[in-house]
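Notes follow the structure.
No experiment lies behind these values; they were computed from the predicted model shown. Atoms within each ligand, like the ligands themselves, are counted from 1 in listed order.
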Amino acid sequence: MAGPREKPIVGIDLGTTNACVASVRNRIPRVVPTDRGALILPTVVALSEKGDLLVGALAKDQLIVNPKNTIYGAKRLIGRTFSSKVVQELRSYYSYEIVEGPAGEAAVLLGGAVRTLPEISGIVLAHLKRIAETFLQREIPQAVISVPAHYSDAQRQAVREAGRIAGFEVRRIVNEPTAAALAYGFSRGLDQKILVYDLGGGTFDVSVLQLSGNVFEVLATGGDTFLGGVDFDNRIIDYVLDDFWRRHQIDLAGSPIAMQRVKNGAETAKIDLSLIPNVVIDLPYVEERKGKPLDVRVPLSRHRLDELTVDLVDRTFEICDRVLAERNLRPDQIDEVILVGGQSRMPLVQEKIRAHFGRPARKGVHPDECVALGAALLGDSLDAIDSVTLVDVLSMPIGIATPTNHFRTILEKNVAIPSARSFRLPPPREPGQPIEIDIFQGASDLIVDDEFLGSIRLPAAATGRRIDFKLDEESLLHVSFDDPAKGMTALSLATRDTPEALRRALAEAAAERSGPQVESGARGRRGGLFGWLKRG
Ligand code: AMP
């Protein structure tokens, strides 16, 4: 049995809304409580009116009064280019300012200064490092940090950078579902196919793994980056707003403070309904008319909530079936379903899991903690003789832009990693000019909808030479080129500018969109302070 590690290590789940840190002692992983005694830390960073940097619950507490200087949801922005579609959409939803960083990446304004997302996440990670060091009473130089399985190469690199900024030596970036599977199956000698069903605050992810002893092999993975707990909240919010409108002909969506209260009330009601069959959303004095207070008082039953959200739950099972079908598997071939993410506690989700897979979800794996626990187990086993073997897959294809702004796949989805693919350099766009290759990652056939990873530039004379795309065990991309003079040579990707191909594609997409715009929904789209609540 291994003794105490020479270099202590923690596992960190850096979530969209909350983060969690865990460490292993005598082979048992445990969550490290925060300085407030909680097991999770809100992933929020803020600058107070007085200029103090706040992290966690303190930062979250000042969101309503100081929305411009309160940074949340960094997980959705980190590692993305400023010009990417996701970032441009989130700009109108988030209450703080998203700007272009020094390398063309998305960055944020905090107290008037540009901060990169790795800096922001680095502040959260540094805080977790301090919490762990205080609790464990020793220095913690190393970490394993988890990321969503669908994260691109650039997002993984950016999280690594955040860890470095926090003062960690990041030993591994691990996929969240793989970490959850580790928390379930580590050292149990299982031979099973399991499905990790992760319904969190903002995203849904599903992974299918084969467990054979301490070999954890991901067979397939998929999900929806825009399906999560906030969508359930929004159904309740709309229900409350409609009720208020019917009674008073007042649209509460116009008042940010009222909306924040409705949002909190909706989420609390949703969580309570996981335990009890009926609640009342009771918010005194949300508005006033002619000096008289108006209250929200809306009864909500679990049955009604199920009706309001059943289509969202059904969508998760369509995605499960799609992912299973990629490996010709049926739901009844899954031995265990592991639940991750707070929203998976909803009774309707659990009932439907039982009906869909013919078995109840596995009890005893804590949805909020298992990712951090698994990351900690992986960290602890890294230098051990009987360490685990992880065989992961690429969750989003990597490819290059074609002259028509399409995506040409080089590394396919679900290819086992590490992996490598080669192709030959095409001729330059204009004779005699350098060859520029723009690399993207994503599921779309059109590069505007994919994430730009970087460009490589080679002389025109390189036409026809071999290029290798290699994925390492963390899903990080390495590109090399068969140089006539030096043989295979590593190339670094430049990401400073938006590539020409993407500029053209964006311009075309903008031209297509410039027809008449129709507002969707009765109250139209909600932006500003409320916006982030829609898609946290
Ligand atoms: P996570 O990203 O895993 O922290 O998940 C957070 C989401 O889970 C939020 O949308 C919460 O409202 C939701 N959530 C947490 N606890 C429960 C519960 N008991 N029942 C339903 N949803 C919950």
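Among protein heavy atoms, the minimum distance from atom 11 (C) of ligand 1 is reached at E267 OE2, 3.2 Å. Among protein heavy atoms, the minimum distance from atom 21 (C) of ligand 1 is reached at S274 OG, 3.3 Å. When only non-hydrogen protein atoms are considered, atom 6 (C) of ligand 1 lies nearest to G201 N, 3.7 Å.
Near G341, meaning under 4.0 Å from any of its heavy atoms, are these atoms of ligand 1: 3 (O). For ligand 1, the atoms lying closer than 4.0 Å to a non-hydrogen atom of G229 are 10 (O).
Of the polar atoms of G342, at least one N or O is found under 3.5 Å from an N or O of ligand 1, judged by distance alone. For D233, no nitrogen or oxygen atom sits less than 3.5 Å from a nitrogen or oxygen atom of ligand 1, counting backbone and side chain alike.
With a heavy-atom cut-off of 4.0 Å, T17 touches ligand 1 through its side chain alone.
Between R315 and D231 no salt bridge is recorded (no basic side-chain N to carboxylate O distance below 4.0 Å). With respect to R27 and D380, no salt bridge is recorded, no charged nitrogen being found less than 4.0 Å from a carboxylate O. The pair D314-K352 counts as a salt bridge, with a side-chain nitrogen and a carboxylate oxygen less than 4.0 angstrom apart. Salt bridge status for E326 with R322: absent, with no side-chain N to carboxylate O gap under 4.0 Å.
Residues Y72 and Y94 bring their aromatic ring centres within 6.0 Å.
Residues S146 and D13 come closest through the heavy atom pair OG-CA, 3.4 Å.
The residue from R345, Q343, K270 that puts a heavy atom closest to atom 19 (N) of ligand 1 is R345.
No option in R156, H150, Q155 other than Q155 meets the side-chain hydrogen bond (donor to acceptor under 3.5 Å, both in side chains) test with S152.
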